[in-house]
Colleague: 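First the structure, then my questions, so here it is.
Computed from a prediction, not measured in an experiment: that's the story for all the values here.
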Amino acid sequence: MVKKINLTLPKHWNQCTTEQLELIASVMQEQIQRQDRYHPFSMENVKLAMFFALSGIQIVEGPNPRVPVEEQYYTCRFLKDGKHGETFSLYLWQINYWLSAKAKTRDQQSAEYIAQGAGLLDWLDNEREQFLTTFPYPTIKRKRKWWHMEKAFQGAFPDLDGFSWAQYRFASDMMQSYTQISNNLIRMQEMGKFSDEQMMKQAKSVDLARDMFLATIFNAKTKYIDTNTGIVKHDFHYESNQCSDNAQYFRNFPDTQWQVILFWWTGIMHTLSKRYPHVFKVQKVNHKKAPNTPLEIYTATTATMQKYAGLTEDQVNHQSYSLVLEHLERLSKENEELEKIRKK
């Protein structure tokens with residue numbers, strides 16, 4: 001009698017629990033750390049590990065390599081609520097079918113369509129344009145020093161609701177800085193020409209950029225005046241100086257949690273690039289001209305909003321980030337259309 005296997009797996013990043021997201025991050029980090037010229041990073045290995053981890057299936061015994069591949073199987077059991085179920089056989093061909101990608105074509109005669117699998121974990125690849133957009137840590141508590149009291153922080157709401165233009169720009173700039181400094185550190189490690197002191201200094205710069213990004217997206221409780229009512233409130237609220245003032249609270253932030261937040265930020269940027277394609281349009285690189293710094297971009301954006309929307313710099317900073325992006329999208333689209341007319 002063939003035992004029926006009831007698989008329960010997430011179908012999207014946003015269906016994962018925080019624990020599952022951290023599990024995915026841990027597996028990916030492990031694969032990255034193990035990679036070398038003989039063992040390149042393999043998404044197939046990640047999917048295989050995640051299949052067992054997310055499904056709650058435990059391996060009791062591995063396949064027997066002495067028998068034909070089509071007869072090889074894992075001896076497994078389910079683990080639920082700390083209790084072990086009965087053992088069952090899970091054949092390699094079954095796993096291969098479940099994890100093989102679904103075809104992107106509808107041509108039933110194509111080799112891709114014929115060879116397709118169930119694609120149970122296709123969403124991990126991001127090739128299907130499925131990204132994590134739900135912030136995984138609604139609230140956290142951090143200490144400035146180990147002997148200090150914990151301080152509560154509130155994470156981002158869905159779709160960055162409540163983010164002002166200033167908070168969005170600071171977060172974007174800090175992530176850009178983190179990416180650049182981190183990439184430079186990797187290049188320095190590969191070159192092997194730098195002293196331990198120089199490497200340590202660069203690593204500290206990477207950590208600081210990460211800490212400042214986290215301090216920007218996590219709001220602490222503070223006193224502020226509600227712009228709608230004029231009433232003084234004490235609640236989670238963004239302050240322009242929190243990027244630097246609260247950075248110490250995020251020192252030694254767990255690598256796994258940081259990786260999950262990187263998943264989320266990637267998803268947010270992808271969503272915004274689809275929503276505002278002209279604002280996020282990739283420009284050709286001009287090697288003769290230095291790239292614009294975050295300050296130059298911020299200054300140009302503020303000047304544009306002041307000119308066309310009649311707002312002061314302070315009003316622009318406190319404006320909803322989505323309203324500013326909508327305005328910039330409209331202006332960018334109009335400018336693009338005017339350029340096309342001029343070229344005719």
Side-chain angles (χ1 to χ4, degrees), residues 9-36 39-59 79 82 121 123-126 130-146 150-158 160 171 174-179 181-183 185-186 189 200 202-219 246-270:
L9 294 167
K11 297 180 180 179
H12 194 286
W13 284 95
N14 290 334
Q15 289 184 358
C16 294
T17 64
T18 301
E19 291 73 21
Q20 288 174 328
L21 290 171
E22 291 179 354
L23 194 58
I24 294 171
S26 296
V27 171
M28 285 193 175
Q29 287 176 323
E30 181 183 352
Q31 288 293 321
I32 291 171
Q33 290 170 0
R34 291 173 57 185
Q35 71 175 346
D36 54 36
H39 304 89
F41 178 82
S42 170
M43 199 61 198
E44 286 71 24
N45 290 340
V46 172
K47 287 183 179 180
L48 181 61
M50 293 316 309
F51 169 77
F52 285 104
L54 296 176
S55 64
I57 296 176
Q58 283 191 329
I59 298 175
L79 176 63
L121 295 178
W123 51 271
L124 280 172
D125 290 330
N126 290 337
Q130 297 184 44
F131 294 86
L132 177 65
T133 55
T134 302
F135 195 70
Y137 305 106
T139 57
I140 61 170
K141 291 183 178 180
R142 302 286 300 173
K143 292 181 179 180
R144 187 188 293 267
K145 302 286 186 181
W146 68 266
E150 287 185 325
K151 186 172 183 176
F153 293 88
Q154 185 182 67
F157 289 123
L160 298 183
M174 287 301 105
M175 179 55 72
Q176 181 181 341
S177 296
Y178 168 82
T179 303
I181 298 171
S182 181
N183 288 341
L185 176 61
I186 294 173
Q189 291 170 336
M200 187 178 297
Q202 187 72 10
K204 286 183 177 179
S205 297
V206 173
D207 291 342
L208 180 58
R210 178 203 61 200
D211 298 346
M212 294 180 74
F213 172 82
L214 292 170
T216 303
I217 64 173
F218 280 102
N219 296 338
N246 294 338
Q248 291 185 34
Y249 286 98
F250 295 94
R251 286 178 178 172
N252 303 316
F253 196 78
D255 289 338
T256 300
Q257 293 182 5
W258 171 238
Q259 184 59 58
V260 173
I261 290 178
L262 289 176
F263 291 155
W264 165 78
W265 185 255
T266 300
I268 290 296
M269 289 298 101
H270 175 81

Colleague: Taking all non-hydrogen atoms of both residues into account, name the closest pair between Ile217 and Ala171 and its distance.
Modeller: CG2-CB, 4.0 Å
Colleague: Does some side-chain heavy atom of Asp125 sit less than 4.5 Å from a side-chain heavy atom of Trp123?
Modeller: no
Colleague: Which heavy atom of Lys47 sits nearest a heavy atom of Leu124, and at what distance?
Modeller: CG-CD1, 4.2 Å
Colleague: In Å and rounded to the nearest 0.5 Å, what is the CG to OH distance from Leu208 to Tyr178?
Modeller: 12.5 Å
Colleague: Quick one: does any side-chain atom of Gln31 pair with a main-chain N or O of Met28 as donor and acceptor, under 3.5 Å?
Modeller: no
Colleague: If you compare all heavy atoms of Ala156 against all heavy atoms of Trp264, which two are closest, and at what distance to 0.1 Å?
Modeller: CB-CZ2, 3.8 Å
Colleague: Look up atom CZ in Arg210 and atom OG in Ser205, then write down how far apart they are to the nearest 0.5 Å.
Modeller: 12.0 Å
Colleague: What's the shortest heavy-atom distance between Ser177 and Ala209, and which atoms?
Modeller: C-CB, 4.4 Å
Colleague: State the NE2-CD distance between His270 and Gln130, to the nearest 0.5 angstrom.
Modeller: 10.0 Å
Colleague: Between Asn246 and Phe218, is any pair of side-chain heavy atoms under 4.5 Å apart?
Modeller: no
Colleague: With no hydrogens and no angle check, is any side-chain donor or acceptor of Asn14 less than 3.5 Å from a backbone partner on Thr134?
Modeller: yes
Colleague: Suppose we call two aromatic rings close when their centres sit under 6.0 Å apart. Are Tyr249 and Phe153 close by that rule?
Modeller: yes
Colleague: Take atom CE of Met43 as the centre, draw a 6.0 Å sphere, and report whether it contains more than 12 heavy atoms from other residues, nucleotides or ligands.
Modeller: yes
Colleague: Of all heavy-atom pairs between Ala247 and Asp211, which one has the smallest distance, and what is that distance?
Modeller: O-CB, 3.6 Å
Colleague: Indicate yes or no: does Lys204 engage Asp207 in a salt bridge with an N to O separation below 4.0 Å.
Modeller: no
Colleague: Tell me whether the centres of the aromatic rings in Phe213 and Phe250 are closer together than 6.0 Å.
Modeller: no
Colleague: Are any of the side-chain heavy atoms of Lys145 and Arg251 separated by less than 4.5 Å?
Modeller: yes
Colleague: Is there a side-chain contact between Pro138 and Phe157 in this structure, where contact means two heavy atoms from C-beta onward sitting under 4.5 Å apart?
Modeller: no
Colleague: Would you compute the distance between atom CG of Leu48 and atom OG of Ser42 and round it to the nearest 0.5 angstrom?
Modeller: 9.0 Å
Colleague: When the ring centroid of Trp258 is compared with that of Phe253, is the distance short of 6.0 Å?
Modeller: no
Colleague: For Thr133 and Trp13, run side-chain contact (heavy atoms from CB on, under 4.5 Å): C-alpha distance rounded to whole Å, both residues' side-chain angles, the deciding distance at 0.1 Å, then the answer.
Modeller: CA-CA 8 Å; Thr133 55; Trp13 284 95; over 6 Å; no
Colleague: Quick check: does any side chain N or O of Gln202 sit under 3.5 Å from a backbone N or O of Ile181, one acting as donor and the other as acceptor?
Modeller: yes
Colleague: Would you say that Lys151 contacts Arg142 through its side chain, given a criterion of any heavy-atom pair below 4.5 Å between the two side chains?
Modeller: no
Colleague: With side-chain contact (heavy atoms from CB on, under 4.5 Å) as the test, would you mind laying out the steps for Phe51 and Leu9 before giving the verdict?
Modeller: CA-CA 8 Å; Phe51 169 77; Leu9 294 167; 4.2 Å; yes
Colleague: From Gln20 CD over to Thr18 OG1, what is the distance, rounded to the nearest 0.5 angstrom?
Modeller: 9.5 Å
Colleague: Taking all atoms of both residues into account, what is the closest heavy-atom pair of Ala152 and Lys141, and its distance?
Modeller: CA-CG, 4.2 Å
Colleague: Considering residues, nucleotides and ligands other than Lys11, do more than 12 of their heavy atoms fall under 6.0 Å from its NZ?
Modeller: no
Colleague: Nearest 0.5 angstrom please: Met175 CE to Leu214 CG, how far?
Modeller: 8.0 Å
Colleague: Is it the case that the side chain of Thr256 and the backbone of Glu22 share a donor-acceptor pair, with hydrogens and angles ignored and the cut-off at 3.5 Å?
Modeller: no
Colleague: Judged by atom type as modelled, is there a donor-acceptor pair below 3.5 Å linking the side chain of Gln29 to the main-chain atoms of Asp255?
Modeller: yes
